[in-house]
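Have a look at the structure below, then the notes.
Sequence lines set the chain letters: A, B, ... in the order given, protein chains first and strands last, and positions in each chain run from 1.
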Amino acid sequence: MPHESSEAGMQLHWHRRDLRADDNRALAAAAEDGPVCPVFVFDDAVLDHASPPRVAFMLDALLSLRTWYWERGGDLLLARGDPREVLPAIADALDAERVVWNKDYSGLARERDAAVRRALDDADVERASYHDAIIHEPGSITTNEGDHYSVYTYFWKKWRDRAKDDPFPAPDADALASPEPDDLPDVTLPSLPTLDDLGFEEPEASIPEAGPEPARDRLADFCEGDIYRYEERRDYPADECTSRLSADLKWGTIGVREVYDATDDAKAFADGEAEIESVEEFQSQLAWREFYAHVLNFNPEVVSENFKDYEHEIEWRSDPEALQAWKDGETGYPIVDAGMRQLREEGYVHNRVRMLVAAFLTKDLLVDWREGYDWFREKLVDHDTANDNGGWQWAASTGTDAQPYFRIFNPMTQGERYDPDAEYVKRYVPELRDADPEQIHDWPELADAERERIAPDYPAPIVDHAERRELAIETFEAARGDD
DNA sequence: TTGATATTAGT
DNA sequence: CTAATATCA
């Protein structure tokens, strides 16, 4: 053994998708053992899969995190390169005995982490990884037979009833190691790189403020009010009665135990059964996130393959023009177009609308869900492999939670039901601002002359929903092989 | 203990 | 229809 003990030796905490110091399991564990120096590595292999909105949010979060450490006499080391080389090099230069990090459950990250473990072993540096990103670790929630769940509801019941960890404490200032600048190896960066330094354009979308403080503000805001109306209003996109924590949970600018704790506190203040149920409905959304993390952990191939087996290949259509119209928010289905424009403008889409635009692409246009998933990955600030893949495959009827009736959304009915006053549509589709809500909901079925009169600049529908519905049913019946 | 069958529910 | 569980022979 190169080191007799890790009790007093310096340690590195490798930040990845946990851009916070509070409620951070690996960081807390390291700080208990001795001084710890935090480090973030700009990994080109990861940046290759990234996009401007996500990197912009990440850089803002890193600045907040670095400030947090500065204010306590520490520093967040920044480095660029392959973590297999960077981490052993920093450990060597600073004489660190151990590197710790929190586990990431996506397939690519797991491969990278295994390679980093081998590199550290070769360099005789100790390492440890911790379960942190979700409340209940993959493998900890199984059926009575010990299998992994593929239906959400049963998973939720077990998830809900299981005891949960409290948030972990942030390290004390005296547990933070601040290395001498002269000791730092060449791979470290003196300052935070810009988007341009990393080879990215400025994002088209406006990016929300990132970091632990704005994340906590969002959580506190939500728990003071909207969480009690969540069950009733969460599906109305104009209300935006949601937590808006998706990007924070993706980047770990807030810990999920802290989020759960805050919702449990809110539950204690609930006024009546309906408010309690509303809080539980939100907690159930946290469980969805964990359900999909488990699914991805045990089925890493779902990033590119259907979760559900069909007898024959699904005959997706190659329709570049329709795909482009969908991306541009020019399909002539108002609520679909509003959602796709929100995606471009904000790097975010309300969840109900995500399901709706995904159903439109995969069922009305019969375009492969992978095309939609790729576009979301490019544009969403909160893109998370597990959640987005789970959502897309659910909408495409290739995922978990198979249902007896075939899942096709009617975009007109959905608009009427969830955006009755067309407030959401008008917010993102200015061409329709002077139209009546009724005209907006019925837009695809109006006469051409009528459409020309109401909003000459807004497109006619690119497909006929009723026709495409039949076509989708035929396509999926053929794939099932039971026609 | 096992296997067949009923029950429940599906963002 | 299917998954998971409960029930019963």
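Separating the CH2 atom of A/W156 from the P atom of B/dA9 is a distance of 16 Å, rounded to the nearest angstrom. For A/H148 and C/dA3, the NE2 to P distance is 16 Å, given to the nearest whole Å. Computed from coordinates, the A/D147 CG to C/dT5 P distance equals 9 Å when rounded to whole Å. Atom-to-atom, CZ of A/F291 to P of C/dA3 comes out at 12 Å; the value is rounded to the nearest Å. Between A/R407 atom CZ and B/dG10 atom P the separation is 12 Å, expressed in whole Å. Taking atom OH of A/Y154 as the reference point, atom C1' of B/dT7 lies 9 Å away to the nearest angstrom. B/dA9 atom C1' lies 17 Å from atom CZ of A/F155, rounded to whole Å. Atoms CG (A/N144) and P (B/dT8) sit 18 Å apart, rounded to a whole Å.
For the pairing with A/Y130, the side chain to side chain contact (heavy atoms under 4.5 Å, CB included) check across A/L27, A/V100, A/N24, A/D18 returns one residue only, A/V100. With A/R257 as the fixed residue, the salt bridge (Lys or Arg N to Asp or Glu O under 4.0 Å) test singles out one of A/D132, A/D166, A/D165: A/D132.
Taking the six-membered ring for Trp and thresholds of 30 and 60 degrees, A/F282 and A/Y230 have ring planes more than 60 degrees apart, a perpendicular arrangement.
Under a 4.0 Å N-O distance rule, the pair A/R352/A/D235 qualifies as a salt bridge. Under a 4.0 Å N-O distance rule, the pair A/E423/A/R427 qualifies as a salt bridge.
Note on A/D235: nothing from the nucleic acid sits closer than 4.0 angstrom, heavy atoms only. Within 4.0 Å (heavy atoms only), A/K158 reaches sugar-phosphate atoms of the nucleic acid but no base atom. Among the atoms of the strands shown, base atoms are found under 4.0 Å from some heavy atom of A/R234. Within the nucleic acid shown, A/Q285 comes within 4.0 Å of at least one base atom, counting heavy atoms only.
Taking side-chain N and O atoms only, A/Y152 has no distance below 4.0 Å to OP1 or OP2 of C/dT2. A sub-4.0 Å separation between OP1 or OP2 of C/dA4 and a side-chain N or O of A/S150 is present.
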